[in-house]
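Numbers for residues simply follow the sequence, beginning at 1. Computed from a predicted model, the values in this text were never measured in an experiment.
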Amino acid sequence: MKALSILLLAFPWPAYCGQTYYVSTSGDDSHPGTFSQPFRTVQRAADLVAPGDSVLIRSGVYREYLTVERSGAPGAPISFAAFAGETAILDGTGLDWRYGINVEGSDYLRFEGIAVRNYSRGGAPGFGFVSWSHSSGIELRRMEFSGVGTAVKLHAGGDGIFLEDIGARDYAWSGFDCGPAGPGRQITLRRFAAWGPGTGNDTAADGFAVETGADIRVEDCLSSGHAGDGFDFKSDRTELVRVVSLRNARNNLKLWGKDSTVVNSLSVDSGLTNLVLSEWGTYTVANCLFAGSLSYGYLAEFGYGGGATGAAVYNSIFYSDRPEMGGTLVY
């Protein structure tokens with residue numbers, strides 16, 4: 001898995017000399033999209049891009065939604081990014097539309113430095129970033145999401161997905177949701193902070209969830225205040241590294257797959273259980289702290305579902321100061 005993470009960090013895309021388009025709130029969509037004559041909307045540029053092209057977005061608030069139906073290629077991704085040192089915001093206020101950025105099922109796309117906020121339709125919260133079909137080679141870096149239902153949604157899964165330095169807050173449901181219509185494979189989530197809408201009793205809204213797949217690495221991520229689980233991964237070969245899960249209404253950390261690990265992580269005050277390892281899986285837990293003063297269930301449950309499971313636990317602490325738990329910390 002370490003080799004996989006390095007591969008995703010240094011994606012072997014050679015230099016590709018594509019077209020660069022510019023977008024500005026002072027531009028016009030009849031312009032050619034150059035630096036001196038930029039487009040007015042990001043969508044105008046998205047309708048023209050080809051593999052290897054880049055779209056640079058100048059500072060400002062763009063009241064539009066973006067649909068990207070064109071794909072890049074291995075070695076020639078299509079890039080949408082805020083202009084260096086500037087702040088670009090996609091804002092759906094008043095649009096009555098549910099998708100901030102919708103890539104359908106397009107592949108090899110990069111998005112960087114863009115804030116996405118306030119997308120809903122008919123009063124129903126929408127999605128900050130969504131792919132409805134299986135996508136490959138998607139990268140999101142330095143993105144912020146707010147005022148939506150789910151920040152990032154991969155409905156049919158994806159391959160080679162990389163998210164880094166993501167902030168999500170003030171949303172109705174989830175921070176990151178992969179599935180249920182397809183597997184997620186070779187996914188890296190790094191420094192993704194998901195501040196949920198508050199605790200509750202709805203088990204459907206997890207902070208981070210992958211419904212099926214394999215080879216998932218989640219590191220330096222935070223999940224707090226979700227109505228369901230904090231981290232819920234049904235994928236095999238899943239690594240949770242230095243994650244923090246706080247005050248989620250159901251389970252803070254929940255793993256279902258084979259050969260999965262939790263290391264150097266913190267889980268505090270779940271509504272139900274701080275750590276759940278499902279039946280028929282194989283797990284390693286090392287250098288972690290599971291603590292609760294608010295939890296009303298066990299701090300940890302091994303073999304959820306009643307079947308056998310294999311778990312090795314090293315150098316970890318399970319602590320609760322609730323006497324009504326009767327002294328049982330691990331079930």
Side-chain angles (χ1 to χ4, degrees), residues 1-11 110-116 128-129 138-146 150-154 158 160-171 174-178 184-196 206-210 213-226 228-248 251-255 257 259-270 274-277 283-291 314-317:
M1 190 60 205
K2 292 182 179 178
L4 171 64
S5 301
I6 294 171
L7 173 64
L8 291 174
L9 276 171
F11 214 123
R110 290 175 169 175
F111 297 86
E112 183 170 3
I114 304 169
V116 182
F129 178 96
I138 301 295
E139 290 191 17
L140 305 181
R141 299 175 186 265
R142 298 191 304 109
M143 301 280 287
E144 295 184 1
F145 299 93
S146 62
T150 293
V152 179
K153 170 73 170 176
L154 304 175
I161 308 297
F162 185 87
L163 279 67
E164 183 178 72
D165 296 320
I166 309 296
R169 62 175 62 246
D170 300 325
Y171 51 87
S174 300
F176 176 84
D177 185 14
C178 182
R185 294 180 293 246
Q186 299 178 2
I187 295 176
T188 297
L189 308 177
R190 180 176 294 131
R191 295 189 298 276
F192 190 145
W195 297 96
D206 302 321
F208 294 81
V210 174
D215 300 317
I216 314 295
R217 183 175 175 88
V218 182
E219 60 181 55
D220 300 308
C221 292
L222 176 142
S223 180
S224 179
H226 296 92
D229 301 324
F231 295 85
D232 185 352
F233 287 84
K234 297 180 176 67
S235 46
D236 294 333
R237 299 186 298 279
T238 298
E239 294 180 292
L240 304 183
V241 182
R242 296 183 305 276
V243 304
V244 176
S245 195
L246 305 172
R247 301 183 184 90
N248 297 287
N251 306 295
N252 271 348
L253 302 177
K254 191 172 188 178
L255 293 174
D259 301 323
S260 295
T261 62
V262 184
V263 297
N264 300 327
S265 294
L266 173 68
S267 173
V268 175
D269 284 343
S270 70
N274 278 278
L275 172 67
V276 174
L277 305 179
Y283 309 97
T284 299
V285 179
N287 307 324
C288 294
L289 170 62
F290 305 95
Y314 304 93
N315 301 326
S316 294
I317 297 172

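For the pair Phe208 and Asp232, the minimum side-chain heavy-atom distance is 4.5 Å or more. Annotation: side chain of Phe162 is in contact with side chain of Arg190 (closest heavy-atom distance under 4.5 Å). Residues Asn287 and Val263 form no side-chain contact, since every pair of their non-hydrogen atoms from C-beta on lies 4.5 Å or further apart. Using a 4.5 Å heavy-atom threshold, the side chains of Phe231 and Val218 count as touching.
Taking Glu112 as the reference, Ala81, Arg141, Arg142 meet the side chain to side chain contact (heavy atoms under 4.5 Å, CB included) condition, with sequence neighbours excluded. Residues meeting the side chain to side chain donor-acceptor pair (under 3.5 Å) test with Arg169, sequence neighbours left out: none.
Here the CG atom belonging to Leu189 is positioned 9.5 Å from the CD atom belonging to Glu219, to the nearest 0.5 angstrom. Atom CG of Leu140 is separated from atom CG of Leu163 by 4.0 Å, given to the nearest 0.5 angstrom. Atom CG of Leu222 and atom OG of Ser245 lie 7.5 Å apart (nearest 0.5 Å). Remark: Ser260 OG to Ile216 CD1 distance equals 9.5 Å, nearest 0.5 Å. Taken from CD in Glu239 to OG1 in Thr284, the straight-line distance is 10.0 Å, to the nearest 0.5 Å.
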Check the pair Asp215 / Arg185 against salt bridge (charged side-chain N to carboxylate O under 4.0 Å, His left out), numbers first and verdict last.
-> CA-CA 6 Å; Asp215 300 317; Arg185 294 180 293 246; over 6 Å; no

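For Phe129 and Phe145, the ring centers are positioned 6.0 Å apart or more.
Screening Leu253, Val276, Asp206 for a side-chain contact (heavy atoms from CB on, under 4.5 Å) involving Asp229 leaves a single residue, Asp206.
Checking side-chain atoms of Ser235 against main-chain N and O of Phe233 turns up no donor-acceptor pair under 3.5 Å. With hydrogens and angles ignored, the 3.5 Å screen pairs a side-chain donor or acceptor of Asn248 with a backbone N or O of Gly225. In this structure, Ser270 contributes its side chain and Asn252 its backbone to no donor-acceptor pair below 3.5 Å. Here the side chain of Ser267 pairs a donor or acceptor atom with the backbone of Asn274 at under 3.5 angstrom. Not a single donor-acceptor pair under 3.5 Å links the side chain of Ser146 to the backbone N or O of Asp170.
Between Asp259 and Arg237 no salt bridge is recorded (no basic side-chain N to carboxylate O distance below 4.0 Å).
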